[in-house]
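Structure, as structure tokens:
Just so it is clear, the model here is predicted, and its values are computed rather than measured.
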Amino acid sequence: MNTLTYPEAGATRLGPLPDGYHHLHHRIRVGRGRADFEAAGAAITEFRMHRASGARVRASAPRAEPGASVRVALGAGPLRFTAPCRVVWAEYGPERIGFAYGTLARHPECGEESFVAELTEDGTVSFTVMAFSRPVRWYTRLAGPLVPLAQRWYARRLGGTLRRIVREGHAPQE
């Protein structure tokens, strides 16, 4: 089944995030200037940021496009969790590049998460993760307050990974 498991599709694009969910908002500076912005946007929308952070990603398209299916797997061995999602929106603008995916059946949570690079007027490139979610599986309900902690940790990990990808994009080529 390829139906989203929540009714507020697209709420992470510009907000506000819907009530009744845990909210996540993490923002970090990852670079400066147009080249860093474009590098960050490509790493986000081509799923390279997720893969470089340790997630296994299978996507039905090479880059984020509305309707594309995405399966993200985190963890190791018997503690590996697979999260089936669908890209809800994607944006490829001159100052904002990113996408959001929403949860499908068999996902341990219900909600949406967005990943966006933005270029501000002063040249700063920032990365924002915005999400709303609530547990739907017995193990995410049982984990209770640990799930939001894990989500914040993962958002920070993605930010650090993206910062590294952008920085390495400027390394001298051999």
Original post:
Distance-only, no hydrogens or angles: does the Arg51 side chain make a donor-acceptor pair with backbone N or O of Val57 under 3.5 Å?
Top reply: yes

Original post:
Closest heavy-atom contact between Ala64 and Ala90?
Top reply: O-CB, 3.6 Å

Subject >> Check: Ser60 side chain, Ala68 main-chain N or O, donor-acceptor pair, under 3.5 Å >> reply: no

Original post:
Would you say Arg134's side chain and Gly20's backbone share a donor-acceptor pair under 3.5 angstrom?
Top reply: yes

**OP:** With rounding to the nearest 0.5 Å, note down the distance linking CZ in Phe37 to CD1 in Ile97.
**Re:** 3.5 Å

Subject >> Check: His26 main-chain N/O paired with Arg152 side-chain donor or acceptor under 3.5 Å >> reply: no

Subject >> Whether Tyr101 and Phe115 hold their rings parallel, tilted or perpendicular, with breakpoints at 30° and 60° >> reply: perpendicular

**OP:** Could you label the plane-to-plane angle of the Phe99 and His50 rings as parallel, tilted or perpendicular, counting under 30° as parallel and over 60° as perpendicular?
**Re:** tilted

Subject >> Heavy-atom closest contact (Ile165 atom, Ala52 atom, distance) >> reply: CD1-CB, 4.0 Å

**OP:** Might you point out which heavy atoms bring Val30 and Phe127 nearest each other, and give the distance in Å?
**Re:** CG1-CB, 3.8 Å

Subject >> Arg157 and Ser53 side chains, donor-acceptor separation under 3.5 Å >> reply: no

Original post:
What pair of heavy atoms forms the shortest contact from Leu24 to Ala155, and how long is it?
Top reply: CD2-CB, 4.1 Å

Subject >> Residues Glu46, Arg63: salt bridge by 4.0 Å N-O rule >> reply: no

Original post:
Do Gln151 and Glu113 have side chains that get closer than 4.5 Å, going by heavy atoms?
Top reply: no

Subject >> Contact check, side chains of Glu118 and Thr124, non-hydrogen atoms, under 4.5 Å >> reply: no

Original post:
Considering residues at least two apart in sequence or located in another chain, which fulfil the salt bridge (charged side-chain N to carboxylate O under 4.0 Å, His left out) criterion with Arg71?
Top reply: none

**OP:** Compare all side-chain heavy atoms of Glu65 with those of Val87 and state whether any distance is below 4.5 angstrom.
**Re:** no

Original post:
Quick one: salt bridge (charged side-chain N to carboxylate O under 4.0 Å, His left out) partners of Arg164, sequence neighbours excluded?
Top reply: Glu168

Original post:
Are any side-chain N or O atoms of Arg86 and backbone N or O atoms of Leu104, one a donor and one an acceptor, separated by less than 3.5 Å?
Top reply: no

**OP:** Sequence neighbours left out, what passes side-chain contact (heavy atoms from CB on, under 4.5 Å) with Asp19? Give chain and number order.
**Re:** none

Original post:
Between Arg163 (side chain) and Arg29 (backbone), is there a donor-acceptor pair under 3.5 Å?
Top reply: yes

**OP:** Might you work through the ring pair (Phe, Tyr, Trp, His ring centres under 6.0 Å) test for Tyr6 and Phe132, ending with a clear yes or no?
**Re:** CA-CA 10 Å; Tyr6 62 100; Phe132 60 92; 5.6 Å; yes

**OP:** Mark yes or no for whether Arg48, through its side chain, and Leu162, through its backbone, hold a donor-acceptor pair below 3.5 Å.
**Re:** no

**OP:** Grab the two heavy atoms, one from Ala55 and one from Val72, that are nearest each other, plus how far apart they are.
**Re:** CB-CG1, 4.0 Å

Original post:
Does the side chain of Val166 reach to within under 4.5 Å of the side chain of Val125, using non-hydrogen atoms?
Top reply: no

Original post:
Do Thr12 and Trp89 have a side chain donor and acceptor closer than 3.5 Å?
Top reply: yes

**OP:** Taking all non-hydrogen atoms of both residues into account, name the closest pair between Glu109 and Ser133 and its distance.
**Re:** OE1-OG, 3.2 Å

Original post:
Taking side chain as C-beta onward, heavy atoms only, is Val116 less than 4.5 Å from Glu91?
Top reply: no

